[in-house]
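Per chain, numbering begins at 1; letters A, B, ... match sequence-line order.
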Amino acid sequence: MKHYVMTLLAALMLWTLPAVAQNGPLRLELTEGVIEPMPFAVPEFVADDAAGAEMGRRIAQVVAADLTGTGLFREIPQDAFISRVTSFSSPVQFADWKAINAQALVTGAVTLDSTGKLVVRFRLYDVFAGQELGDGLQLVGTQDGWRRIAHKVADQVYSRITGEAPYFDSRVVFVSETGPKDQRAKRLAIMDYDGANVSYLTGSSSIVLAPRFSPSGDRILYTSYESGFPRIYVMNVGSAQRRALEQQEGSMSFAPRFAPDGRTVVYSMTRGGNTDLYSMDINSGAGTRLTTAPSIETAPSFSPDGRRIVFESDRSGNQQLYVMPANGGEAQRISFGQGRYGTPVWSPRGDLIAFTKQSKGRFHIGVMRVDGSEERLLTASFLEEGPTWSPNGRVIMFTRETQGAQGSASLYSVDITGRNLREVPTDTGASDPSWSPLQD
Amino acid sequence: MNTGQIISGAGHLALMGWALFGGAFQSEPLPFQVTEVTAISAEEFAALSNAPNNPEAVANVDTPEPPAEGEGVPELSATEDATPEMSQPEASETPPADTVPEPQEPPAPLPEAEVSDAPPVLTPPEEDVAALVPEVSPRPQPRPAPRVAPEPVAQPDPDVEIDEVDQQETTPDAEAAETVKEDTRETAREEATTEIVTEAEENDLASAAPTRSPRPRTRPETPATEAEPTQDAPAPSEPETDENAVNNALAEALGQGQAQTGGTDQGAPSGPPLTAGEKDALRVAVQNCWNVGSLSSEALRTTVVVSVTMSEDSRPVTSSIEMLSASGGSGSAAKQAYEAARRAIIRCGASGFNLPKDKYDHWRDIEMTFNPERMRIK
């Protein structure tokens, strides 16, 4: 009797829960990973002679600094290495690199060819998979351009591991600032994205503001007070030659930015006490008025496809962000949070808009979707403004100014996730950065 | 009527009886309050109602009469309040021990040394003053943990080596001499938080916080994890939770059922399947090495299904890892997502996963779906 009852209960349980039975492979779903910098190793690039060895050491340092600077990677120091790479063609001892938890390994070699050109070869390995990530690559350039070659190596490594577009081989134009706040001298300067190779484009005799790279990176728009009033100039980066854009009598123009086609400029012009947006063909000087509101419209920025413009306006009584068609027309407000929004910049990817927000006495750099949703504030400080996007749309650089009469401006960068906030090293004070596209 | 029908009938009757009378359909009575009342008469109620329970508003308040002139007015006497003597320090004949050399040319118009250079000695406040306010302590600094993980991990001791697992250092123990333990160093998992906090959020939290706050409570000590047992030592029996106990019982029942019907399905693995706890342990082990921090935004929108064959020592066969499918991203993004998944399997499986050997048929082939949806913005 008891046996029958137990059999009956067991049968009932099996009947009610048949789905637990398993056939085929074990199936698991993973939804919670970790977010941490990936450990990598970059041994000094091997070379044939002492001069090449010094170059190989420097290139390895720049590659490591580029990768570490993203916040996505963590360099394993050289003194922790078990293996030494003495030959570029030797097989990699993966066990030695696994032992120090190096998940990626970059090896390289430096040689000088018969014409004195620098030849750099490198390979990237997935240590735990025990195989190469992509093919080996060779780069050739001048010896003076060794930093650019190093940036290109780092770009390849970064793209192969993350899947993001590269951005290390790029430059930044900015306003170099010296002197106290009430007598500050401002000059246009250009540097590598990491603060190296600074050179000055203008003198300090007049105030310059808001430089902006052209889509091809060969020209710069900026505003100068050389004539006593703000006026827009365009400068050729290679020759440093410049010319003023057409301007109507009795007006002030500022806040220029190139359209993606590189031929049109959109800017603000104040005339008769009203500030509106205009566009101009940079060659012919033919202009078009885009807004007609009695309020202040400024800081325009094109979408990457050139069809829309985001700008700031106080038409609602408070400074907010609006999006309108590139040829003018009805504007749609996209920012609705508390505080003031300004200096919007469309991401090169087209999916986000970076902006400056002033709220509760503090300034923030933030990002939002192009429809204004998913606003995220990335930073907070006494004063910061003027975001600019890296060429791949992953990093934002901006100006941060410290408080007080002796306060100074400097450049910072932050990942769009809000992590990895870093100061960009500059010899002088720096403001108004504009990130160039990736160099050829 | 045969015996089976009788048993069946009896069983059903018992089941129905238990359902009806055993409390299955009975609900807990709703909570109610009991208030004691007392019956009083109308006169008593009227007396109570007229009682001056509330203070009456007083319209005319007797103001104290001012004192008559010349009466009770304290005389002001300048002589009574003697001016306190200014206790100026006497200028010492010998200059104070000041090693600053005097300027020679021209002689600086030094002020008269009427006050001592020595700072006044401040009397410390009485101790009972501090008792009136909560003890002020600096707010705990946000822990600089750049690592985001499913489980928060407290900052480990600086001397402890960072590893994938928590592990106690082996210490010589004379009493446990029979159990041979490998020499292991104390390790701990790297400090981690469960979400990314931007600078803006940090400062908002800081500005919103009160300036004075009670000292934060100490973090409860995490129970020390057992040292990893050696292979010879029997595995310690963990206390089973209710869920695990049920799963184990079901697994055993299913195993018996499959054993009884064995032979009908040649492809089905034999033996009891993995319990939910064992599957969770495997999933967590792989997740701990699944680093999505270096993935692009597009790769973080890509779900990949990866298959792997395991060897009997519970290590993944590296050459067997392959991507079965991908969804949500481009081919390039799928490649990055797959490589991150492959690294996770290889890295955390390098020393073998904690899987029951008697159920090898059930975990020999594994399909893992890596879905980073929750890891995009965290």
Please lay out, stage by stage, how Glu367(B) and Leu26(A) fare under the test side-chain contact (heavy atoms from CB on, under 4.5 Å).
CA-CA 6 Å; Glu367(B) 284 182 14; Leu26(A) 174 63; over 6 Å; no
Is any side-chain heavy atom of Ile161(A) closer than 4.5 Å to a side-chain heavy atom of Ser294(B)?
yes
Heavy-atom cut-off 4.5 Å, strictly under: side chain, backbone, both or neither for Leu421(A) against chain B?
side chain
Between Gln131(A), Lys98(A), Lys360(A), Arg349(A), which has the largest tally of heavy atom pairs under 4.5 Å with chain B?
Gln131(A)
What pair of heavy atoms forms the shortest contact from Ile346(B) to Ala129(A), and how long is it?
CD1-CA, 3.9 Å
Close side-chain approach of Leu30(A) to Val286(B), heavy-atom, < 4.5 Å:
yes
Any heavy-atom pair between the side chains of Leu28(A) and Thr369(B) that's under 4.5 Å?
no
Let me see the working for Leu133(A) and Glu339(B) under side-chain contact (heavy atoms from CB on, under 4.5 Å), right down to the final yes or no.
CA-CA 10 Å; Leu133(A) 271 177; Glu339(B) 285 170 352; 3.1 Å; yes
Measure the CG-CD distance between Leu295(B) and Glu164(A) for me, rounded to the nearest 0.5 Å.
9.0 Å
Separation between CD (Gln103(A)) and CZ (Arg347(B)), nearest 0.5 Å, reads 4.0 Å
Give, for atom CZ of Arg283(B) and atom OG1 of Thr31(A), the distance between the pair rounded to the nearest 0.5 Å.
7.5 Å
In short, Thr379(A) meets Ala200(B) closest at the heavy-atom pair O-CB, 3.3 Å
Interatomic spacing from OG1 in Thr198(B) to CD1 in Ile416(A) - rounded to 0.5 Å:
13.0 Å
Would you say Asn354(B) has more than 12 foreign heavy atoms packed within less than 6.0 Å of its CG?
no
Could you tell me which portion of Ser297(B) (side chain, backbone, both or neither) has an atom closer than 4.5 angstrom to a non-hydrogen atom of chain A?
both
Between Arg394(A) and Ser296(B), is there a side-chain donor-acceptor contact under 3.5 Å, judged purely by atom types and distance?
no
Locate the shortest heavy-atom distance separating Ala380(A) from Glu199(B); write the atom from each residue and the value.
N-OE1, 2.9 Å
Thr70(A) versus chain B, heavy atoms under 4.5 Å apart: side chain, backbone, both or neither?
neither
Mind running side-chain contact (heavy atoms from CB on, under 4.5 Å) on Met38(A) and Arg343(B) for me, showing each step along the way?
CA-CA 11 Å; Met38(A) 174 191 281; Arg343(B) 275 193 290 272; 3.4 Å; yes
A quick test of your reading: do over 12 heavy atoms of other residues, nucleotides or ligands sit less than 6.0 Å from CG of Asp135(A)?
no
Can you tell me how far apart CZ (Arg27(A)) and OG (Ser307(B)) are? Round to the nearest 0.5 Å.
10.5 Å
What one should report as the nearest heavy-atom pair of Glu29(A) and Asn371(B) is OE2-ND2, 3.3 Å
Picking from Arg342(B), Met368(B), Glu298(B), which has the most non-hydrogen pairs under 4.5 angstrom with chain A?
Arg342(B)
